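Reading through the structure tokens given below for one structure.
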Number of protein chains: 2
Amino acid sequence: MSEKEPIPPKIYRRTSLKELAAHLGLSQTTVSRVVNQSPGYLRIAPDTRDRVLAAAAKLNYQANVLAQGLRSKRSQIVSVIVPEISDGYSTSVLSGIEDSLLLGGYFYFVVSHRHRPDLLRDYPSLLLSRAVEGLIAVDTSIDEELPIPVVSVSGHSRHGSIVNIELDHTLAAHQALEHLKKLGHSRIAFIKGQSFSSDTQTRWRAIIRVAGELGIEILPKLTVQLEENGIGVEPGRVATMKLLERNEPFTAIFAFNDHSAMGAIVALREAGRDVPNDVSVVGFDDIPSAATNNPGLTTVRQPLQEMGRVAASTLLQMLRSPEEHQRRSILVLPTFVERNSTALAAAVRKTRTPTLIRSGQ
Amino acid sequence: MSEKEPIPPKIYRRTSLKELAAHLGLSQTTVSRVVNQSPGYLRIAPDTRDRVLAAAAKLNYQANVLAQGLRSKRSQIVSVIVPEISDGYSTSVLSGIEDSLLLGGYFYFVVSHRHRPDLLRDYPSLLLSRAVEGLIAVDTSIDEELPIPVVSVSGHSRHGSIVNIELDHTLAAHQALEHLKKLGHSRIAFIKGQSFSSDTQTRWRAIIRVAGELGIEILPKLTVQLEENGIGVEPGRVATMKLLERNEPFTAIFAFNDHSAMGAIVALREAGRDVPNDVSVVGFDDIPSAATNNPGLTTVRQPLQEMGRVAASTLLQMLRSPEEHQRRSILVLPTFVERNSTALAAAVRKTRTPTLIRSGQ
DNA sequence: ATACTTTGCGCAACCGATTGCGCATAGGAG
DNA sequence: CTCCTATGCGCAATCGGTTGCGCAAAGTAT
């Protein structure tokens with residue numbers, strides 16, 4: 001923690017307000033008012049304003065954010081907490097976040113908790129000590145009440161003032177299940193998410209409801225859950241192997257996310273079943289590699305970038321006007337993306353022709 | 001830029017040093033010395049030290065980093081600039097960076113320039129105004145001399161004080177080309193990188209040298225370059241289509257990176273050529289999706305996480321002891337990863353049996 | 001000429017820490 | 001009893017901005 005030897009200053013020294021003021025023969029007050037257009041700005045002579053601005057530009061004056069923050073109690077920094085930075089889901093969201101945030105004059109710290117309880121517990125206060133003004137939690141549930149605004153992406157927090165950006169899971173389930181139904185699948189297996197994923201519960205409930213509406217049966221023997229550990233496609237592969245061991249016939253799998261769908265495809269291939277001819281697989285998320293996967297993954301796209309954008313602009317809004325009434329949650333819509341991991345159920349293929357189906361859609 | 005309406009403070013108010021001192025009936029000086037173990041610490045009575053620490057713990061005192069930074073001219077923040085945050089390459093590096101940096105007590109800002117010249121030009125000064133103490137550039141060349149330490153990952157900057165973390169491209173080229181040679185490939189096509197990628201030149205020169213050593217011919221008609229625009233696997237697909245149009249026979253492709261290798265596989269499949277039976281494809285990087293791709297990508301792995309870790313710890317080192325002599329570049333080693341996108345050349349398959357080859361390796 | 005308003009700008013305190021210097025008090029030496 | 005040296009701690013300046021209040025000069029009204 002402590003440094004024994006003295007450490008030299010490391011921040012690049014730029015021209016300060018004081019220097020600029022001295023250069024102009026004016027007070028810091030006046031210069032500050034001009035460059036910030038702060039209250040009193042209009043009472044400064046136009047000539048002076050121009051002189052100040054010209055000099056500021058020439059000397060490349062840029063306010064020291066640390067000093068500004070100290071005085072104004074605003075750091076212009078927020079933080080984003082994600083499960084794992086090297087994963088396509090989080091980074092798609094981050095990409096959307098970045099746009100909005102930088103436009104609003106904010107920078108952000110990223111931290112990834114990797115589902116480690118100690119990190120999840122300690123990060124909030126560590127970030128608070130860094131004076132971040134707000135927090136965006138991506139696919140992560142925040143259990144404590146924080147003294148700063150929190151926006152949760154894909155979160156379902158019912159906590160005090162947290163705003164959730166969430167997908168319309170009912171619509172998503174409908175899109176996927178109706179697609180499978182149209183293709184003639186009736187014995188559908190389900191891969192449920194890990195308990196730590198904040199979407200798991202919500203999505204599963206939506207699936208149950210929609211399956212009921214569509215008359216699709218959900219068989220316990222055809223549902224498996226992703227194991228908590230494991231990285232990449234591995235959990236999906238393992239879950240599918242367990243599924244295959246049960247020896248219960250099925251013609252389609254609705255996976256919790258694209259990673260597990262890819263894992264399922266790997267397991268099916270290893271078991272000698274072709275995708276999509278023997279088994280159709282539907283993923284979820286539409287991460288970048290879903291398109292390049294072979295076969296291309298049919299999946300429910302979450303508008304991840306948009307969710308990031310919305311999260312960031314919502315947070316900025318909350319920072320600007322804290323008192324204003326905020327919606328507790330904001331719904332975004334999924335898009336169904338049909339690629340090559342789904343096909344007509346074998347039983348159906350015998351009775352109808354593909355062209356018939358196509359025109360029927 | 002400016003805010004018209006007054007904005008309330010947003011930083012969570014914690015107990016300040018002044019309050020803590022008042023609570024203890026001591027001066028700020030003494031309290032500060034105790035909590036920081038700063039010079040003079042030893043001259044404070046042990047009793048007092050204990051009292052201060054106890055009170056600090058009880059009131060949950062945490063120094064205001066803004067004030068500390070202002071005074072000490074150290075923000076404890078560095079920045080990482082990447083081409084695009086939602087891409088597997090950058091995020092693998094980031095994952096390594098995060099570990100080292102947080103351990104060193106630093107947080108970081110991420111910005112992505114997306115190859116936009118305006119962003120590349122403006123980000124450095126924008127970051128400097130944020131008082132970042134150092135910069136890590138990932139696959140991005142920094143053209144100006146910055147007043148802060150810069151470490152470049154996969155960069156080949158010959159600039160003043162920039163430290164480069166680079167792959168041993170000669171070894172990498174050797175691994176890939178020798179693999180293809182062993183499999184009996186002699187007509188090998190090459191997909192060169194985009195001009196904006198800092199690795200393009202270096203790697204190509206290494207390939208030329210190694211190909212010469214191994215007696216592999218590099219035919220201009222069998223080399224294509226990735227187009228500058230395009231996202232994901234698209235550039236690789238387009239480049240491979242161009243290659244196919246030339247009607248020059250080849251049995252293997254060495255792609256610039258995994259993305260373009262996947263694009264190549266897509267294009268080959270579209271052209272009716274099987275990978276690996278008709279054409280072998282070798283990628284580069286070993287991004288996460290290389291393993292889940294179908295066929296699994298044979299590729300040269302860059303130790304991206306390690307490169308991130310090394311970059312971060314090098315930067316921390318530079319911040320701690322600026323005067324110390326620094327190596328201008330640090331070499332890391334590639335690992336060859338053999339998956340299913342490469343196979344014996346067809347011509348060879350007729351004469352030897354696969355088992356023979358296997359045992360011969 | 002006097003009084004009041006407007007225009008133009010500066011004084012000085014403050015945000016929350018860090019740190020060189022110096023002032024007391026106590027104990028030991030002579 | 002005086003002088004000196006530790007020992008223990010505080011004063012006040014400083015980092016680089018922001019802002020409530022106020023002062024002087026110029027302009028306007030009477």
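This is a predicted model, so every value here is computed, not measured. Note on naming: letters A, B, ... go to the chains in the order of the sequence lines (proteins, then strands), and numbering restarts at 1 for each one. Side chains included, hydrogens not; waters and symmetry mates left out as well; all remaining heavy atoms used.
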- Message: Output the rounded distance in Å from OH (B:Y41) to P (D:dC9).
- Response: 13 Å
- Task: Would you state whether a donor and an acceptor, one from the side chain of B:S32 and one from the base of C:dT19, lie under 3.5 Å apart?
- Result: no
- Nucleotide D:dT7, atom P - distance to CG of B:L42 in whole Å: 11 Å
- Nearest whole angstrom, please: distance from the P of C:dC21 to the CZ of B:R33. 12 Å
- Task: Would you indicate which nucleotide in C:dG16, C:dG8, C:dG10 comes nearest to any side-chain atom of A:A45?
- Result: C:dG8
- B:F107 six-ring face occupied by A:R130 cation (under 6.0 Å, within 45°): no
- Query: Can you tell me how far C1' of C:dA17 sits from CD of B:E19, to the nearest Å?
  - Reply: 13 Å
- Between B:E133 and B:S75, is there a donor-acceptor pair closer than 3.5 Å when you use the side chain of the first and the backbone of the second? yes
- Query: On a plain distance test, is the side chain of A:T29 in donor-acceptor contact with the base of C:dC11 below 3.5 Å?
  - Reply: yes
- OP1 or OP2 of C:dC9 less than 4.0 angstrom from a side-chain nitrogen or oxygen of A:T30, does that happen here? no
- Query: Rounded to whole angstroms, how far apart are CG on B:D47 and C1' on D:dT7?
  - Reply: 13 Å
- Message: Using OP1 and OP2 only, check whether a side-chain N or O of B:T48 sits under 4.0 Å from D:dC9.
- Response: yes
- Starting at atom CG of B:N36, determine the distance to atom P of C:dG16, rounded to an integer number of angstrom. 17 Å
- Message: Which nucleotide wins on minimum distance to the side chain of B:Q28, given the candidates C:dA17, C:dG8, D:dG10?
- Response: C:dA17
- Message: Categorize B:L70 for me: base, sugar-phosphate, or nothing, with a 4.0 angstrom heavy-atom threshold over every strand shown.
- Response: base
- Task: On DNA chain C, check which nucleotide each of B:S38 and B:A67 is closest to and give me the residue with the more 5' one.
- Result: B:A67
- Take B:S313 and B:Q317, measure what side-chain hydrogen bond (donor to acceptor under 3.5 Å, both in side chains) needs, and give me the verdict at the end. CA-CA 6 Å; B:S313 55; B:Q317 183 62 31; over 6 Å; no
- So does B:E98 pair up with A:R114, basic N to acidic O under 4.0 Å? yes
- Message: Over all strands shown, is A:I44 touching base, sugar-phosphate only, or nothing at heavy-atom distances under 4.0 angstrom?
- Response: sugar-phosphate
- Item | Nearest-angstrom distance from the residue atom CG of B:N64 to P of D:dC15 | 18 Å
- Item | Interatomic spacing from CD1 in B:I136 to CD1 in B:I97 - rounded to 0.5 Å | 4.0 Å
- Note: contacts of residues 53-62 of chain A with DNA chain C (heavy atom, under 4.0 Å) are none
- Note on the structure: Which of D:dC9, C:dC14, C:dA17 is nearest the side chain of A:R71? It is C:dC14
- Message: Tell me the interatomic distance from B:R51, atom CZ, to D:dG8, atom P, rounded to whole angstroms.
- Response: 14 Å
- Note on the structure: In terms of heavy-atom contacts, A:L17 and A:V31 come closest through CD1-CG1, 3.5 Å
- Message: Less than 6.0 angstrom separating the ring centers of A:Y108 and B:F109, yes or no?
- Response: no
- Is the distance from OP1 or OP2 of D:dG16 to the nearest side-chain N or O of B:K73 less than 4.0 Å? yes
- Query: Which comes earlier along DNA chain D counting from the 5' end, the contact point of B:G25 or that of A:R43, where each point is its nearest nucleotide?
  - Reply: B:G25
- Task: Mind checking the CZ-CG spacing from A:R121 to A:D143? Nearest 0.5 Å is all I need.
- Result: 12.0 Å
